[in-house]
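Heads up: numbering here begins at 1 and tracks the sequence. Quick caveat, the model's predicted, so the values are computed rather than measured.
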Amino acid sequence: MKRAFRPVYVQVKSRFILNKNKHFVQNVGLHTFKSHPSFYIIFMYFTPDDLEVAKVWLIPSEKFEELAYPISEGKSYRFSANPKSDIDKWAQFKVNKASLGEELLRICPN
């Protein structure tokens, strides 16, 4: 049985600073975004003092499009998550930085 090659596409967005409410906020422009079952977005928060990865969210683009809210007259989507909360709408997409590689392999089609 011959296997078909089916790629997974990943866009990475990162920040070193949280906003005044201690949220990770990132805009995703619609000109760089189109949801697709093979497209994922990784949001990474780095602590500014030591530049270590503090939080990682791995989000299927279709879920991102469903949960993010449009801003700038529909020109962007906004991601706003509390890195310390396990109850916000993005908490289900948090992954441990040590297991990010394993998570990426898990989503790759066989």
Return yes when atom NZ of Lys89 has more than 12 non-hydrogen atoms of other residues, nucleotides or ligands closer than 6.0 Å, and no otherwise.
-> yes
Between Ile87 and Ser85 the two heavy atoms that sit nearest each other are N-OG, 3.0 Å
Going only through I, L, V, M, F, W and Y residues with side-chain contacts under 4.5 Å, is there a path from Val8 to Leu105?
-> no
Tell me, yes or no, whether the heavy-atom count around Leu51 atom CG, taken from other residues, nucleotides or ligands under 6.0 Å, exceeds 12.
-> yes
Going hydrophobic residue to hydrophobic residue with side-chain gaps under 4.5 angstrom, can you get from Val56 over to Leu18?
-> no
Check against side-chain contact (heavy atoms from CB on, under 4.5 Å), Val10 and Leu58 = CA-CA 9 Å; Val10 177; Leu58 174 62; 5.5 Å; no
Keeping the roles fixed (side chain from Asn27, backbone from Ser76), state whether a donor-acceptor pair exists under 3.5 Å.
-> no
Heavy-atom closest pair (His23 atom, Asn21 atom, distance to 0.1 Å) is ND1-O, 3.1 Å
Taking the side chain as C-beta and beyond, is there a heavy-atom pair between Lys75 and Leu30 under 4.5 Å?
-> no
Close side-chain approach of Arg78 to Val25, heavy-atom, < 4.5 Å = yes
Of all heavy-atom pairs between Pro83 and Lys22, which one has the smallest distance, and what is that distance?
-> CD-O, 3.4 Å
Determine the sole option in Phe79, Phe64, Phe93 for which the ring pair (Phe, Tyr, Trp, His ring centres under 6.0 Å) test with Trp57 is passed.
-> Phe79
Should the heavy atoms of other residues, nucleotides or ligands under 6.0 Å from CZ of Phe16 be counted, would the total exceed 12?
-> yes
How many angstroms lie between NZ in Lys55 and CG in Asn96, if you round to the nearest 0.5 Å?
-> 8.5 Å
Could you walk me through whether Phe43 and Trp90 pass ring pair (Phe, Tyr, Trp, His ring centres under 6.0 Å), step by step?
-> CA-CA 11 Å; Phe43 294 95; Trp90 302 109; 7.2 Å; no
Is it true that Tyr45 and Val53 fall in one hydrophobic cluster, defined by side-chain heavy atoms closer than 4.5 Å?
-> no
Quick one: does Ile42's side chain get under 4.5 Å of Val95's, heavy atoms only?
-> no
So do the side chains of Lys97 and Glu52 get within less than 4.5 Å of each other, counting heavy atoms only?
-> yes
Is Asp86 close to Lys94 at the side-chain level, that is, under 4.5 Å between some pair of heavy atoms?
-> yes
Looking only at heavy atoms, which two atoms of Ala54 and Thr47 are closest? And how far apart?
-> CB-CG2, 3.6 Å
Verify the cluster assignment for Ile59 and Ile107: are they in a single hydrophobic cluster under the rule of side-chain heavy atoms below 4.5 Å apart?
-> no
Which pairs with one or both residues in residues 29-40 pass side-chain hydrogen bond (donor to acceptor under 3.5 Å, both in side chains), sequence neighbours excluded?
-> Ser35-Glu65
Mind checking whether Phe39 and Phe33 have parallel, tilted or perpendicular rings, split at 30° and 60°?
-> tilted
With side chains defined as the heavy atoms from C-beta onward, is the minimum distance between Tyr77 and Ile41 less than 4.5 Å?
-> no
Looking at Phe24 and Arg15, what are the two nearest heavy atoms and their distance?
-> CE1-CB, 3.3 Å
